[in-house]
Amino acid sequence: MDLSPREAVPTAQGRKRKRPWLAISVLAVVFVAGGLMVAKFLTSAVDYYCNVDEIGTKSGCDVGRNIRIQGTVQAGSVEKASSGATSFIIEYHGVSMPVQVGSEPSGIFKECIPVVVRGRVAQDATGKVFEGDEVIVKHDNSYDAENKDRVEQANAEAAQCSQKG
Amino acid sequence: MPDLSPVSIARPTGTRVSRVLGIASLVGIVWLVVFGLFLSPNDATQKAGVRILYIHVPSAWLAYLAFIVTGISSAAYLFKRTRSLTWDRIAGASAEVGVLFMGVTLVSGSLWGRISWGIYWTWDSRLTTTAFLFVTYIGYLAVRGLGGTHQQRARRSAIIALLATLEVPLVHFSVKWWRPLHQQESVAEGKLNGLMLFTLFVGIIAFTLLYVWLVLHRQRVLAMEDALDDQGLDTALAERRAEGAQI
């Protein structure tokens, strides 16, 4: 009887045996990444922002706390300093809040557009001011074709944006 | 109905149906490029940046579809009356294509976010749940590669797929359940009209055809891999039997 060791045959199991290490490594990365995402989501506010009219009234939207606030940039309120610092007023449901940020907002920032500002509400002698670190434009879900014939109508609508709340 | 039957190693993955599908998806993509880049108008607010919509939304919808197909195929495998490895291979192929489309969704969304929001990424409910869904299905594909018999692979990955499918409605309704930076639905609420809406439909049709074409070929490649594994096993068994006969 021949008792010498047999040569390995390239079977299905032999071919697959190399894969588990890659699969296990990917799974480890997936568990770490998934865990980090859940942790990040749970430690951030589940609701991404507070509306301007909720400051000081809704739980989690307190003065002095790091929060994000949402409102529409009031027409004619945007002022840019030579240093790049920008100030404007945001409004929501008839309640307004002055905002100061140290840099020029990017994206499609302009008057009459909804924005979310990250920062904190400060209280001084003149009232509440939002000291912003970052401005994010919050585009709504409506899309309209750019149409030169409607520019005047659009400008008229934009002029009234701050009155809508 | 396209031919979904397992293939032999000698047979290519293409059929007449898949070739027609391939040509149709190619034509659809050319249409999408023409409408998306040249014929559809700029958005009044986002200007040309809106054109990312025609990639971002179809790829997201197709990723949802792919993951739902993975879930249904996995359920079909677990159900005794319909149990077949073909369902398992369709589930795996669909998940692979779904991960591809989800990756496109995340990248295109990130670029679009930089243009319109001013940032590439933020941890809002829609973005986070989408990234989590993407990572979950990468994990599903990793589980498929853990080894074992075809039946073991099919059973454990089918259970995971059914659980992972529950994440799809979580992602879709995240913009309603929480208060996100991401916008609400546009199409269902009639906020997209005219040529912009038509271009979006062109994108969805083109990507759907591409999805079907990719899944057809990929599931046949998976069938070939399984056949190759079985053939290797049969060869090994035959050699052992031959050795036994010599004793």
Do you know which two heavy atoms are closest between [X] and [Y], and how far apart they sit?
{"X": "Asp140(A)", "Y": "Gln183(B)", "value": "O-OE1, 3.6 Å"}
{"X": "Trp117(B)", "Y": "Val137(A)", "value": "CD1-O, 2.9 Å"}
{"X": "Lys191(B)", "Y": "Asn141(A)", "value": "CB-O, 3.0 Å"}
{"X": "Ser186(B)", "Y": "Tyr143(A)", "value": "OG-CE1, 3.3 Å"}

So which of [options] has the biggest tally of heavy-atom pairs under 4.5 Å with chain A?
{"options": "Thr129(B), Val50(B), Asn193(B), Thr122(B)", "result": "Thr122(B)"}
{"options": "Glu185(B), Gln46(B), Lys47(B)", "result": "Gln46(B)"}
{"options": "Ser116(B), Gly194(B), Ala142(B), Gly139(B)", "result": "Ser116(B)"}
{"options": "Leu195(B), Leu192(B), Thr45(B)", "result": "Thr45(B)"}

Side chain, backbone, both or neither of Val115(A) within contact of chain B (heavy atoms, under 4.5 Å):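 No part of it gets close to chain B.
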Flag side-chain contact, heavy atom, 4.5 Å: [X] against [Y]:
{"X": "Glu134(A)", "Y": "Ile119(B)", "answer": "yes"}
{"X": "His139(A)", "Y": "Asp43(B)", "answer": "yes"}
{"X": "Arg114(B)", "Y": "Ser106(A)", "answer": "yes"}

Nearest 0.5 Å, what's the [atom1]-[atom2] distance between [X] and [Y]?
{"X": "Ile136(A)", "Y": "Leu181(B)", "atom1": "CD1", "atom2": "CG", "result": "5.5 Å"}
{"X": "Asp124(B)", "Y": "Tyr49(A)", "atom1": "CG", "atom2": "OH", "result": "9.5 Å"}
{"X": "His182(B)", "Y": "Lys138(A)", "atom1": "NE2", "atom2": "NZ", "result": "10.5 Å"}
{"X": "Ile115(B)", "Y": "Ile108(A)", "atom1": "CD1", "atom2": "CD1", "result": "10.0 Å"}

Engaged part of Glu189(B) at the chain A interface, taking heavy atoms whose separation is under 4.5 Å: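 Just its side chain gets close to chain A.
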Portion of Leu53(B) that has a non-hydrogen atom of chain A nearer than 4.5 angstrom: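 Contact with chain A is through the side chain of Leu53(B) alone.
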Working for side-chain contact (heavy atoms from CB on, under 4.5 Å), residues Asn51(A) and Arg179(B): CA-CA 10 Å; Asn51(A) 290 319; Arg179(B) 190 185 280 176; 3.7 Å; yes
Check against side-chain contact (heavy atoms from CB on, under 4.5 Å), Thr128(B) and Lys40(A): CA-CA 9 Å; Thr128(B) 308; Lys40(A) 189 76 185 170; 5.9 Å; no
The single option from Leu141(B), Val143(B), Val135(B) passing side chain to side chain contact (heavy atoms under 4.5 Å, CB included) against Val30(A):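 Going through the options one by one, the only one that passes is Val135(B).
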Residues Leu146(B), Leu27(A); criterion side-chain contact (heavy atoms from CB on, under 4.5 Å); working and verdict: CA-CA 10 Å; Leu146(B) 280 176; Leu27(A) 270 178; 4.1 Å; yes
Residues, nucleotides or ligands: over 12 heavy atoms within 6.0 Å of Gln123(A) CD: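 Yes, enclosed.
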